[in-house]
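Taking it in order: structure first as structure tokens, then the write-up.
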Amino acid sequence: MKQKIKILLVDDRPENLFALESVLENDFYELTRAYSGEEALKLLLREEYAAILLDVQMPGMNGFETAKLIKMREKTKYTPIIFVTAINKELEHVFTGYSVGAIDYMFKPFEPETLRAKVSGFVEIYQNHKLLKEKKEELEQAHIKLSFLAKELEKTKSLYEAVSETHLDAIIVFDENGKIIMANPATQRIFQYNGISLTGQPIAMLLPFFQSEGYVPTQQLIEKQGNRRDNSQFPIEMQMAKAYLEQGKDTIFVCAIRDITERKSQVAELEYQATHDSLTKLPNRHFLYGQIKQMVEKNDWENQAFALIILDLDQFKAINDTLGHHMGDQLLKEVGYCLRHVGSEEDVVVRLGGDEFAMLIKNSSRPHVIEVVQNIQRILSQPFIIEGKSLTVGHSTGIALFPEHGLDEETLLRKADVAMYTAKSNGSGYAFYSEGLQQANLDQVMLMGQLRSAMKNGEIELYYQAKVDMETKIVAGMEALVRWRHPKRGLIFPDEFIPLVEQTGLVDSLTLYVLNEGAAQLRQWLDAGFNITVSVNLSARNLQDEWLPEKLNEILTSHQVAPELLTLEITESFIMTNPERAMKVLTELHDMGVELSIDDFGTGYSSLAYLKHLPVNEIKVDKSFVMDMLNDKNDMIIVKSIINLAHNLSLRVTAEGVETQEILEKLHEFKCDKAQGYLITRPLPSDQVLQALENTEWNVRKVTLSE
């Protein structure tokens, strides 16, 4: 049966590959898929293709970069490349496609008959070129044999003509005793004996493998090691023939030798690019797959288990969006460098893509893996100084163990990813995979897909919890707390879906939504005669958005709400992501007249160091200290100290988590300014929260419109 013609189809979208296959599929073609430029390069190292259909826009290595590398390789530089793209139709992109070696450039959607005709024509050209190449090689071999085995020519003349007709390749003639009879100039150049005669020297001086293997003629090209004058070895491609100068007498051997150092280097470079990340120089996902597969196949499951760790950076998109991709790239390099020096030399560190990294730990005992993870946490928790800026980035880690959690690379990667996602969602830092995580992860994925429509459909609601002035017993304000009223799952609390909001990049949209809804509600209360302020929480990403003050001003103006009636609550640890950028945004908000409050105070590692520099009006004592202060002496000391510190800095203090009358009285004794908690009101919808306060000791201040 006639061998099928191989054609390579390269596109990161399966539907595009299916479309190409449906057009080109016939009995004469063997169609091969590749989902990325890297995968295509690996296939080209193993197989020869008559044509390549290549997409331009792909993640990782794009089509232009892939084509350029293909054309650099000797074996594939004549393979026809056809770019097929739905975008990049501008003339400059088309020119780029041809400049990197494409033979044609087609746009989607294309006419099937046109594509079939072009592929058929290019395949025929490639086959003709291949046939010509084969004929040329046959002629060259015939020429060598004729040149060196011409019996009717005199011995000296035949040798001279054989040598004079060679050019780049080394031609060496030696006798059965291994003495060189003649060597052409290329031999002297390749073996670095320029100007030195090699006649009479032993052939083993140049080709030492003859000493152990003897003089065996070869029918095909073989790869060996040559020996230069300085005794350094280099790769060669060689073919050797045996001949006689006279019938049955004077046996000679003729070697044709080519230096393939450059070709080997190019192949090695292609292999490196196919298995390594161009930014961090770490191995990539393809390399990781191969390593896991190799370890699984060679492993003694009882004694040589291993662990797969997947690490994902938190809030990395905010750094990219606010400081630029250049800073993001520098941060990724620094993280990659740190990870390389965390484990042992046997451990493998790779970049999976984006802000995701992975590690293979050969010793998978849980205590050892935990030790490695804790080392990672310790190192990555330190600020990175990049171009004079201090950047702090969090991370989440998932761990899967072999063979406990899986017996192949796909399963281990999937389960490590599930564990990582769980760690990110619950803020635990790291998590080992367990069967219970699988369904929970599926639920989270489904919620992520529904988040965008939730805001459009009005499913995101604001609940309000009162903050009261402890001296006057007047309601001083309301904190807006977001809830998701899911059509099937009912009320979902923020600790379940806010991490998803951060991962899907909807933080900015949700914050603006809450600010707008909060301002609208504030306007309604003002119109009803209630003198109330509203507090809204900001995220780390919001503090890196230089346009936030302008956006907020537009919202306040549209609802005719004075800036001083709005309080923005920030968590101090969020400021540390990029202190300079956060301080600039906070200063602009403060200058607008917006009140600023530090939420969860006392939980940040640098509270005192940064407090004196922040343009804030209020501190909120974290409820973890307040709720148990009557039973824990240390908590009481902390609460009292925070109140005194804030008052010394002319700041107001609000205590969260006030649930009993005894706690309220103790806070009043400490001269705390405001209180917030279940004792006063639970978080309630806007139409219920004022109603809940009617029969309490807390009064809502009313004003006339003239006020």
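We use all heavy atoms of the structure for the numbers below, so side chains are in, but hydrogens, waters and symmetry mates are not.
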Quiz item: Quick one: does NZ or CZ of R682 land under 6.0 Å from the six-membered ring centre of Y678, within 45 degrees of the ring axis?
Solution: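 Judged by the rule, R682 and Y678 form a cation-pi pair.
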
Self-check item: R483 charged N/C atom sitting above F493 aromatic ring, 6.0 Å / 45°
Solution: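 Ring-cation test returns no.
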
May I ask you to check whether [X] and [Y] show a side-chain donor-acceptor distance below 3.5 Å?
| X | Y | value |
| --- | --- | --- |
| S396 | D314 | yes |
| T280 | D277 | yes |
| K623 | Q676 | no |
| D12 | Q57 | no |
| H590 | E595 | no |
| E269 | Q273 | yes |

Quiz item: Of all heavy-atom pairs between M583 and P615, which one has the smallest distance, and what is that distance?
Solution: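 Heavy-atom minimum between the residues: SD-CD, 3.9 Å.
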
Is a side-chain N or O of [X] found less than 3.5 angstrom from the main chain of [Y], in a donor-acceptor match?
| X | Y | answer |
| --- | --- | --- |
| D628 | N631 | no |
| N617 | L596 | yes |
| E656 | G677 | no |
| Y430 | Q377 | no |
| N284 | A274 | yes |
| R351 | G354 | yes |
| D347 | S344 | yes |
| E65 | N62 | yes |
| T681 | A466 | yes |

Quiz item: Is the closest side-chain heavy-atom distance between K415 and T411 below 4.5 Å?
Solution: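 SC-SC contact between K415 and T411 confirmed.
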
Quiz item: Roughly how far apart are L407 CG and F402 CZ, rounded to 0.5 Å?
Solution: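 Spacing of CG (L407) from CZ (F402) equals 5.5 Å.
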
Quiz item: Can you check salt bridge (Lys or Arg N to Asp or Glu O under 4.0 Å) on E569 and K467, steps first, answer last?
Solution: CA-CA 13 Å; E569 297 187 5; K467 294 192 292 185; 3.7 Å; yes

Quiz item: Should the heavy atoms of other residues, nucleotides or ligands under 6.0 Å from CZ of R13 be counted, would the total exceed 12?
Solution: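 Atom CZ in R13 is not crowded, with 12 or fewer foreign heavy atoms closer than 6.0 Å.
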
